[in-house]
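What follows is a single structure, and I will ask about it in a moment.
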Amino acid sequence: MAEKLRTLITAHRIQRRVRALGAEIARDYRGQELVLVGILKGSFIFMADLARAIHLPMTCEFLRVSSYGDGTTSSGSVRLDFDLTNSIRGRHVLIVEDIVDTGMTLRFLLRHLKLSRPASLRICTLLHKEERTKVKMSLDYVGFRIPDKFVIGYGLDYAGRYRNLPNVGFIEKT
Ligand code: IMP
Ligand code: MG
C-alpha cells in the first residue's frame, strides 16, 4: 500500500490563526504575567509560534506526559514522564496542547496542575476533535475544530515521525 500525505490545514492558515490566538490571549491577560506550560512533545512547535504571538511578559515551562500505547489509539491511561521544574503557585498558567482528542490527557493535567495552586489555569489547544471528546471541560482557546481523523505535522506525530511538517495533514493509504 502506498502512503500519501494530504494537507488538512495549510501552514499559512495555521500562522494566521496562531497570530489571532496570541492577540486574543494578550488582550485577556493584559497587565498580568503569564506562564505558558507546553505539553511535550506534541506542542513544541505550536508553543514556539504562540509564545512569539503573545506580547506580554511571560515564562515558558514544559512537562511531558504520554498516553498513547500504539500509534493512533489512546491507551486511556496517562503517565507523567517529567514534571515542571519551577513553581507555578499563584501564577497565571496557560496550558499549551497540540490536540484534544478524548480529553483524558487534559483531565489528568488539570488535576495535576491544580495541586500546585496556580492563580488561574486555562487551556489553549491548536486542534480539537470535538466528536471524540468524552471528558467535559471548557477549552478556553481553540485553534481549529477538526473531524475525527488521525493528523500529523506542526508538532503532531505518527510513531514519532512527521512532527517537522509545516502543515497539519493526514496519511492517506492508497
Ligand atoms: P487525549 O488524551 O485522547 O485527548 O489525547 C491527547 C494526546 O494524544 C495529544 O496530546 C496527542 O499527543 C495525541 N493525539 C491525539 N490525537 C492525535 C492525532 O490525531 N495525531 C497525533 N497525535 C494525537
Ligand atoms: Mg500531546
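Order of appearance sets the numbers: ligands from 1, and atoms from 1 within every ligand. If you're wondering where the values come from, they're calculated on a predicted model, not measured in any experiment.
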Ligand 1 N/O within reach of G103 N/O, cut-off under 3.5 Å:
yes
Less than 4.0 Å is my threshold; does some heavy atom of G42 fall inside it relative to ligand 1?
no
Classify the ring geometry between Y158 and F150 as parallel (under 30°), tilted (30 to 60°) or perpendicular (over 60°).
perpendicular
Is there a heavy atom of K149 sitting under 4.0 angstrom from any atom of ligand 1?
yes
Regarding atom 20 (N) of ligand 1: of the candidates T102, T133, V151, which has the closest heavy atom?
V151
Atoms of ligand 1, numbered as shown, that sit under 4.0 Å from any heavy atom of E97
10 (O)
To the nearest 0.5 Å, how far apart are CG in L121 and CD1 in I95?
4.5 Å
Side-chain ion pair, E172 and R6, N-O less than 4.0 Å:
yes
What atoms of ligand 1 come within less than 4.0 Å of a heavy atom belonging to M104?
2 (O), 4 (O)
Just by distance, do the side chain of T102 and the backbone of M104 share a donor-acceptor pair under 3.5 Å?
yes
Ring-face cation of R79 near F108 (centre distance under 6.0 Å, axis angle within 45°):
no
Run down the list T105, D98, V65 and name the one with the heavy atom closest to atom 12 (O) of ligand 1.
D98
Near D157 (heavy-atom distance under 4.0 Å), the atoms of ligand 1 are 21 (C)
Which ligand 1 atoms, with their elements, are less than 4.0 angstrom from a heavy-atom of L156?
20 (N), 21 (C), 22 (N)
With heavy atoms under 4.0 Å as the rule, classify the contact between K129 and ligand 1 as side chain, backbone, both or neither.
side chain
What orientation do Y29 and Y141 show, parallel under 30°, tilted 30 to 60°, or perpendicular over 60°?
tilted
Would the distance check show the side chain of R132 and the main-chain N or O of D101 forming a donor-acceptor pair, the cut-off being under 3.5 Å?
no
